[in-house]
Amino acid sequence: MASILSPAPGNVGVVRSIDDKTYVGLRPLSTRTHVAVTRGSKARPLAVVRASSEKEVSVKSSGLSIEECEAAAVAGKFSDPPPLYRPQGPKGTPIVQPLPLTRRPRRNRKSPALRAAFQETTLSPSNFVHPLFIHEGEEDVPIGAMPGCFRLGWRHGLLEEVYKARDVGVNSFVLFPKIPDPLKSQTGDEAYNDNGLVPRAIRLLKDKYPDIVIYTDVALDPYSSDGHDGIVREDGVIMNDETVHQLCRQAVSQARAGADVVSPSDMMDGRILAIRMALDAEGFQDVSIMSYTAKYASAFYGPFREALDSNPRFGDKKTYQMNPANYREALVETEADEAEGADILLVKPGLPYLDIIRLLRDNSSLPIAVYQVSGEYSMIKAGGVLKMIDEEKVMMESLLCLRRAGADIILTYFARQAASVLCGMKGN
């Protein structure tokens, strides 16, 4: 009858037969060799298993042919494999009976190969959309509240940044313009100037890099002297339908310049259907719409507004952006945007709103985007500078969590830095 050998504290042999009788205290085994015991036969060393060893083991060839090796195996004449080795706990480790568990989830996490095999969420440069701030100047201007970000000169700095991002696999970009104050007005007419900053930048990028995907921002706040996303009535009310009219003209102008995806971020009611109809009427049926479906009136936008100098001149944006306390309301916006023809649904901000990302993911078959906004970016950067966190690890974890929550694409200022890490380069 065969018996099974298992390790015991202090390297004392323990032999358990299949009739469950246990014999303890047999001759102690060496620290390197455990033996299989078969009643009526000689002991033979078992195979070695070394979980932590990284040393190369050289194996000498026997010089035998395949036929000779097979004949030797049939006759039971083969060289012994290395002995089985089981690492021991430190001195003082308690001796306990194994817990009677049928399921041990740690089994699927015990090695890098197994963890990689069972990983449910992946992250790649193709998941990133790189937000880029542009301005009319020649020089790149650093943004104080967003370390590592710049207002890029549209002729040179913009092209250079796109070149660097493409080199690490990022091929999608969204443009945000810093408009000179003299061009701003209460009705934001500069938003649909075909020779404005954004259309010029789109044409330049498409000429240089025709294969990239260009997203645009559709909203009036960069062009408004009032700093709001829509036209402001004399009593302070943001006018909805009149604003939508301007947004349609803006979206068509961007499409005419070569934009692949227009992205209404204004949160006006009915703007998705109106923009879809305006694009189709002008022959731009292939231009997609990414709707800012669940854009919350968040305090995390501060650094962005510094970057574009687009803070509201008065009041706040709570009459059109969503209340951070609301969850179900996101479904109302989702149903409306789907019905009106949105191609992509976006949640903004990102990490504080993982539940909303999952809500949209579970209730829509459309692609889900998320914007990891300027406040999220700057907090991680500041924590890294102060050595309070490991910037690179927190960056990558935050992006992975956004993907795990259900996002297909992520608008992030970390796009190039994270893609560099994914490509095995040092993030910068």
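We number each residue from 1, following the sequence as shown.
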Do [X] and [Y] have side-chain heavy atoms sitting under 4.5 Å apart?
{"X": "R256", "Y": "Y192", "result": "no"}
{"X": "N363", "Y": "E335", "result": "no"}
{"X": "Y301", "Y": "K317", "result": "no"}
{"X": "Y371", "Y": "Y413", "result": "yes"}
{"X": "T216", "Y": "V261", "result": "no"}
{"X": "P264", "Y": "I289", "result": "yes"}
{"X": "I357", "Y": "R404", "result": "no"}
{"X": "L354", "Y": "R358", "result": "no"}

How far does [atom1] of [X] sit from [atom2] of [Y], to the nearest 0.5 angstrom?
{"X": "L411", "Y": "L402", "atom1": "CG", "atom2": "CG", "answer": "11.0 Å"}
{"X": "M277", "Y": "L279", "atom1": "CE", "atom2": "CG", "answer": "11.5 Å"}
{"X": "D229", "Y": "M267", "atom1": "CG", "atom2": "CE", "answer": "10.0 Å"}
{"X": "D260", "Y": "Y215", "atom1": "CG", "atom2": "OH", "answer": "8.5 Å"}
{"X": "H130", "Y": "I410", "atom1": "NE2", "atom2": "CD1", "answer": "14.0 Å"}
{"X": "F128", "Y": "L123", "atom1": "CZ", "atom2": "CG", "answer": "4.0 Å"}

Taking the ring centre of each residue, are F304 and F133 less than 6.0 Å apart?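 Ring centres of F133 and F304 closer than 6.0 Å.
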Side chain to side chain contact (heavy atoms under 4.5 Å, CB included) evaluation trace for C248 with I275
CA-CA 5 Å; C248 290; I275 290 172; 4.0 Å; yes
Which heavy atom of [X] sits nearest to which heavy atom of [Y], and what is that distance?
{"X": "A278", "Y": "V252", "result": "O-CG2, 3.9 Å"}
{"X": "I202", "Y": "G258", "result": "CG2-C, 3.7 Å"}
{"X": "T293", "Y": "A330", "result": "CG2-O, 4.5 Å"}
{"X": "C401", "Y": "L351", "result": "CB-CD1, 4.2 Å"}
{"X": "A342", "Y": "I272", "result": "N-CG2, 3.6 Å"}
{"X": "S374", "Y": "P303", "result": "OG-CD, 3.5 Å"}

Inset, instruction - Using the salt bridge (Lys or Arg N to Asp or Glu O under 4.0 Å) rule, collect all pairs that involve residues 366-388, keeping only residues at least two apart or in two chains. - result: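 Non-adjacent pairs meeting salt bridge (Lys or Arg N to Asp or Glu O under 4.0 Å): K381-E391.
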### Residue pairs, two or more places apart or on separate chains, that pass ring pair (Phe, Tyr, Trp, His ring centres under 6.0 Å) and touch residues 231-258
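Not a single pair qualifies under ring pair (Phe, Tyr, Trp, His ring centres under 6.0 Å).
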So ring pair (Phe, Tyr, Trp, His ring centres under 6.0 Å) across residues 326-361, not counting sequence neighbours, yields Y296-Y353
Go through the steps for R276 and D280 under the test salt bridge (charged side-chain N to carboxylate O under 4.0 Å, His left out), then give the verdict.
CA-CA 6 Å; R276 182 73 272 163; D280 291 354; 3.0 Å; yes
Look only at the side chain of [X] and the backbone of [Y], and say whether a donor-acceptor pair between them is shorter than 3.5 Å.
{"X": "K184", "Y": "D221", "result": "no"}
{"X": "N323", "Y": "N326", "result": "no"}
{"X": "S378", "Y": "A145", "result": "yes"}
{"X": "Q246", "Y": "T187", "result": "yes"}
{"X": "R151", "Y": "I143", "result": "no"}
{"X": "Y377", "Y": "P147", "result": "yes"}
{"X": "S291", "Y": "L345", "result": "no"}

Worked check of side chain to side chain contact (heavy atoms under 4.5 Å, CB included) between T319 and V237:
CA-CA 8 Å; T319 64; V237 172; over 6 Å; no
State which residues pass side chain to side chain donor-acceptor pair (under 3.5 Å) with [X]; sequence neighbours excluded, sorted by chain then number.
{"X": "S265", "answer": "D217"}
{"X": "Q372", "answer": "S398, T412"}
{"X": "K164", "answer": "E160"}

By ring pair (Phe, Tyr, Trp, His ring centres under 6.0 Å), F118 pairs with (sequence neighbours left out) none
R416 and E161: salt bridge (charged side-chain N to carboxylate O under 4.0 Å, His left out), yes or no, with the steps? CA-CA 9 Å; R416 182 159 68 88; E161 181 62 24; 2.8 Å; yes
For residues 340-351, the side chain to side chain donor-acceptor pair (under 3.5 Å) pairs (sequence neighbours left out) are none
Residues pairing under side chain to side chain donor-acceptor pair (under 3.5 Å) where one sits in residues 136-147, two or more places apart or in two chains, turn out to be E136-R200, E138-R155, E138-H156
- Query: Stepwise, does the side chain to side chain contact (heavy atoms under 4.5 Å, CB included) test hold for L197 with L183?
  - Reply: CA-CA 11 Å; L197 177 57; L183 293 177; over 6 Å; no
- Query: I344 and L346: side chain to side chain contact (heavy atoms under 4.5 Å, CB included), yes or no, with the steps?
  - Reply: CA-CA 7 Å; I344 307 165; L346 181 140; 5.7 Å; no
Determine whether more than 12 heavy atoms belonging to other residues, nucleotides or ligands lie under 6.0 Å from atom [atom1] of [X].
{"X": "L386", "atom1": "CG", "result": "yes"}
{"X": "E242", "atom1": "CD", "result": "yes"}
{"X": "M239", "atom1": "CE", "result": "yes"}

Which pairs would a plain distance check flag for residues 166-177, meaning a side-chain donor or acceptor within less than 3.5 Å of a matching protein atom at least two apart in sequence or in another chain?
unit_1, atom_1, unit_2, atom_2, d
R166, NH2, D211, OD1, 3.2
R166, NH2, D211, OD2, 3.0
N171, ND2, G169, O, 3.4

Sorted by chain and number, sequence neighbours left out, side chain to side chain contact (heavy atoms under 4.5 Å, CB included) with S111 holds for A113, L114
Using 4.0 Å as the upper bound for N to carboxylate O, is an ion pair formed by D266 and K295?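 No, no charged N to carboxylate O under 4.0 Å.
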Considering only distance and modelled atom types, tabulate donor-acceptor pairs under 3.5 Å from the side chains of residues 99-109, sequence neighbours left out.
unit_1, atom_1, unit_2, atom_2, d
R104, NH2, L99, O, 3.1
R107, NH2, T102, O, 3.2

